[in-house]
Trainee: 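Mind looking over this structure? Questions follow.
Keep in mind it's a predicted model, so treat the numbers as computed, not measured. Letters go in sequence order (proteins before strands), and every chain restarts at 1.
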Number of protein chains: 2
Amino acid sequence: MAGSEHPPFAVTVDLVILTVRSGRFAALVVERGEDPFHGRLALPGGFVRPDEDLPDAALRELREETGLSPSLGHLEQLASYGAPGRDPRQRVVSVAYLGLVPDLPEPVAGSDAASSRFVPVDDLLRDAGSLAFDHGRILADGVERARAKLEYTSLATAFCPDEFTVGELRAVYEAVWGVELDPRNFHRKVTGTPGFLEPTVGTTTRGGGRPAQLYRRGPTTALMPPLLRP
Amino acid sequence: MAGSEHPPFAVTVDLVILTVRSGRFAALVVERGEDPFHGRLALPGGFVRPDEDLPDAALRELREETGLSPSLGHLEQLASYGAPGRDPRQRVVSVAYLGLVPDLPEPVAGSDAASSRFVPVDDLLRDAGSLAFDHGRILADGVERARAKLEYTSLATAFCPDEFTVGELRAVYEAVWGVELDPRNFHRKVTGTPGFLEPTVGTTTRGGGRPAQLYRRGPTTALMPPLLRP
DNA sequence: CACTTTTATCGTCTCTTCGACGATAAGGGG
DNA sequence: CCCCTTATCGTCGAAGAGACGATAAAAGTG
């Protein structure tokens, strides 16, 4: 409001990058190479540049830390965290972004953090303090947001490759929610929601059993009615 | 990430304070008394102090601008906005908060902004640019969040006084969503959801017609199944 | 006071959707 | 060929939602 001088703040972006990897819901973390929290795990992130928009900073950090572009997947703002003392060095307000990416060969370690890797969220959240700063809370918020959005959006497909089967999509839901879903009811629901899945010409038999129809993401983003957690 | 010097940022909070006032969904705005945007309407807000947490800054601004404490009502973080150039004076990252308050006698004009008042959101959103800075977008985001949360939470009661009738609650939904709801189905839904409403001893006849049972907020926060917009 | 208007509250009917689960289809491995 | 695995289709019963009729209880009006 006032035109007076403002206090000094640093602004960073932190990234909650989630994927499903061999049946486990996992988040991307880096090992810190300096104090504070030297050697501890942390979310990837970094300072916003003077003339950079917040989503651009998030995309840049994602690219730097993982070599990923979220063209595959999804990136959205999660929340901001600015408690005094959350960074012992200075006052930092961090804008967290939530990204969902398909299972990748390897999180191609970029320049910033050669030590980046995916770790199951259960392990990271088991005890608060396994992550540096307040990253445990940020991760928990991101995980809950992702779990909630699977219910009423088609975002689960962001965890899948370009083409996928209903069974693979179900495995995403089961890993993210940590539950088992009835294959028959799940199949009815996702194939019966117009615009959720678009069948392709191919079928596949990866995974054994009867060959399954391959699908691609459809144009629908909102699931109405939703697919509720049991 | 790096310990190098950070660029200069200012951090502010902006408030989207919503209420339902004589049947209209309205937001609190102030008239700016200085450049830029002198004389234009804007959301209340201000700079975060050096040792102040973000929610504390939001509560302080709310109190300063309206004399309100959100003990009645609800306050949650909405999103952050930090595009370069959104404030022509300097680089500002603003953390927006969403507040829901019951209808008040008058938005007791505080010290900062004697000109604060509630204006129907339709009027404010009709043309982008009716609000200063990017406050039109922030308001739109807050309005959409409020509309969505009425579906699957009991937050509509935050717009009501301590005791209220089912009809008054329905009027909240109708004003926020801009639709008409069937009084019978609505009554069945809200009284049939355990923990949503707790009956009190009294009844009232304000508004004419048959006297109505008075209710208080119940402990339930999540509406399951939700009350969907028509 | 009889009558109309207004709002509240209770019920009924139908349709959709969901969860549980049976049945069949179509691959691979022995 | 038999078995195991996964995919896909169907059926049944219960729950919830929208449409809407019916009754209740006040205030206003002649």
Trainee: Rounded to whole angstrom units, what separation is found between the CG atom of A:L181 and the P atom of D:dA7?
Mentor: 13 Å
Trainee: Nearest heavy-atom pair of B:G202 and B:Q213: which atoms, and what distance?
Mentor: O-OE1, 3.3 Å
Trainee: Please check if the side chain of A:E174 supplies one atom and the backbone of A:L181 the other of a donor-acceptor pair under 3.5 Å.
Mentor: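 Answer holds: yes.
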Trainee: What's the OH-C1' distance between B:Y152 and D:dG16, to the nearest Å?
Mentor: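 Between C1' of D:dG16 and OH of B:Y152: 21 Å.
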Trainee: Looking at B:D14 and B:R86, is there a salt bridge between them, counting it only when a charged N and a carboxylate O are closer than 4.0 Å?
Mentor: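 Result for this pair is yes, salt bridge flagged.
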Trainee: Keeping the roles fixed (side chain from B:T220, backbone from B:P194), state whether a donor-acceptor pair exists under 3.5 Å.
Mentor: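 Between the backbone of B:P194 and the side chain of B:T220 there is a qualifying donor-acceptor contact (under 3.5 Å).
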Trainee: Counting only side-chain nitrogens and oxygens, does A:K189 get under 4.0 Å of the OP1 or OP2 atom of C:dT17?
Mentor: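 A:K189 to C:dT17 OP1/OP2: no side-chain N or O under 4.0 Å.
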Trainee: So, B:R60 and B:D56, do they make that salt bridge, N to O below 4.0 Å?
Mentor: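 No.
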Trainee: State the CZ-CE distance between A:R229 and B:M224, to the nearest 0.5 angstrom.
Mentor: 8.0 Å
Trainee: For nucleotides 6-15 of chain C, read 5' to 3', which letter fits each nucleotide if B means a protein heavy atom sits under 4.0 Å from the base, S means only the sugar-phosphate is that close, and - means neither?
Mentor: BBBBBBB---
Trainee: Before accepting this row, confirm whether a basic side-chain N of the pair B:R126/B:D122 lies closer than 4.0 Å to the acidic partner's carboxylate O.
Mentor: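 No salt bridge links B:R126 with B:D122.
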Trainee: Hey, can you tell me if B:W177 and B:Y173 have their rings parallel, tilted or perpendicular (30° and 60° cut-offs)?
Mentor: perpendicular
Trainee: Taking only heavy atoms on the protein side, list every residue of residues 219-230 of chain A lying under 4.0 Å from any atom of DNA chain D, sorted numerically.
Mentor: none
